[in-house]
Amino acid sequence: MSQSEHYDSCLSLVPIFSTLSDQEKEEIISIIRPKRYEKGDLIYLPGDQGGTLFVLHEGRVKVARLGASGKEQVIRVIGPGDFLGELSLFSSLPHTDMAEAQTKVSMCLIDGEQLKALMATYPTIALKILEALSRRLEQAENLIESINLYTAEERLVATLLSISSGEAEFSLTMSKRDLASQLGMTQETLSRTLATLSEDGLIEMEGQRQIKIVDRDGLVARSGA
């Protein structure tokens with residue numbers, strides 16, 4: 001795959017760019033630079049200067065925040081077609097979260113100032129980014145509501161049903177530690193709750209991440225929905 005084809009593939013994966021015309025894509029490709037990360041590499045840390053949009057082409061990245069005590073709160077884990085660093089495009093403030101490569105990662109990096117210049121020419125790009133930000137804000141608000149209103153079991157069950165997308169068998173997209181952090185519980189509570197659901201005949205665990213839903217109706221009844 002040529003460099004131009006690689007960039008075009010990168011952009012085509014991302015909803016904010018996938019509907020652009022060939023000419024518009026060519027203009028964005030002209031300001032892209034590639035970067036690769038190994039598993040465990042830190043892409044950025046709190047306090048690092050922003051101003052770059054990171055478009056994920058291959059791999060998986062964890063975005064998290066660190067408390068004063070150093071405790072980590074996972075915000076989300078993203079895969080191909082998603083992006084991060086978008087908040088720094090609209091603010092001169094440094095990053096407030098951290099991003100870590102969970103696998104080998106291939107990214108397309110876009111300079112923020114150059115991208116904002118293109119937004120002025122193609123407002124559709126700005127609108128798509130704002131749509132994505134609105135969805136992420138809604139997800140954050142839903143998570144806060146979930147933590148405040150639902151039990152650990154109800155939060156976990158709702159998440160398993162969402163991840164499964166209607167399939168009987170699926171894999172967790174992140175480690176149990178990261179999933180527990182995202183759901184606002186300890187890893188011990190997560191493991192204990194999974195064990196209870198398994199003992200009650202609702203799911204079956206295969207290895208650390210593979211899950212099979214045995215009784216979907218029973219699982220839905222435990223979701224608190």
Side-chain heavy atoms nearer than 4.5 Å, only ILVMFWY residues, links allowed to pass through others: does that put [X] and [Y] together?
| X | Y | value |
| --- | --- | --- |
| M205 | V157 | yes |
| L183 | M174 | yes |
| I28 | L127 | no |
| L190 | I203 | yes |
| V214 | F170 | no |

Under 3.5 Å donor-acceptor, [X] side chain and [Y] backbone:
| X | Y | result |
| --- | --- | --- |
| D82 | G79 | no |
| T196 | R192 | yes |
| S162 | T159 | no |
| D200 | L202 | no |
| S191 | E188 | no |
| S181 | R177 | no |
| Q182 | I75 | yes |
| R209 | K176 | no |
| D41 | E38 | yes |

#### Entry: Qualifying ring pair (Phe, Tyr, Trp, His ring centres under 6.0 Å) pairs, either residue in residues 93-126, two or more places apart
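As it turns out, the ring pair (Phe, Tyr, Trp, His ring centres under 6.0 Å) pairs with a partner in residues 93-126, which skip direct neighbours, are Y44-H95.
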What are the two closest heavy atoms between [X] and [Y], and how far apart are they?
| X | Y | result |
| --- | --- | --- |
| I31 | L115 | CD1-N, 3.9 Å |
| G85 | F54 | CA-CD1, 4.4 Å |
| G59 | P80 | O-CD, 3.2 Å |
| R60 | V105 | O-CG2, 3.6 Å |
| L45 | D48 | N-OD2, 2.8 Å |
| G47 | P94 | O-CB, 3.4 Å |

Taking [X] first and then [Y], would you say they form a salt bridge - that is, a charged N and a carboxylate O separated by under 4.0 Å?
| X | Y | value |
| --- | --- | --- |
| K62 | E72 | yes |
| E206 | K212 | no |
| R135 | E138 | no |

Would you indicate whether the side-chain heavy atoms of [Y] and [X] approach each other to under 4.5 Å?
| X | Y | value |
| --- | --- | --- |
| V63 | M98 | no |
| L161 | V220 | yes |
| K104 | Y37 | no |
| V61 | T103 | no |
| L109 | L53 | no |
| I110 | F83 | no |
| R155 | M185 | yes |
| D217 | D215 | yes |

Short side-chain donor-acceptor distance under 3.5 Å, [Y] and [X]:
| X | Y | value |
| --- | --- | --- |
| S171 | Q210 | yes |
| T96 | R65 | yes |
| T186 | T189 | yes |

#### Entry: side-chain contact (heavy atoms from CB on, under 4.5 Å) assessment of L156 paired with L179
CA-CA 9 Å; L156 176 58; L179 179 60; 4.3 Å; yes
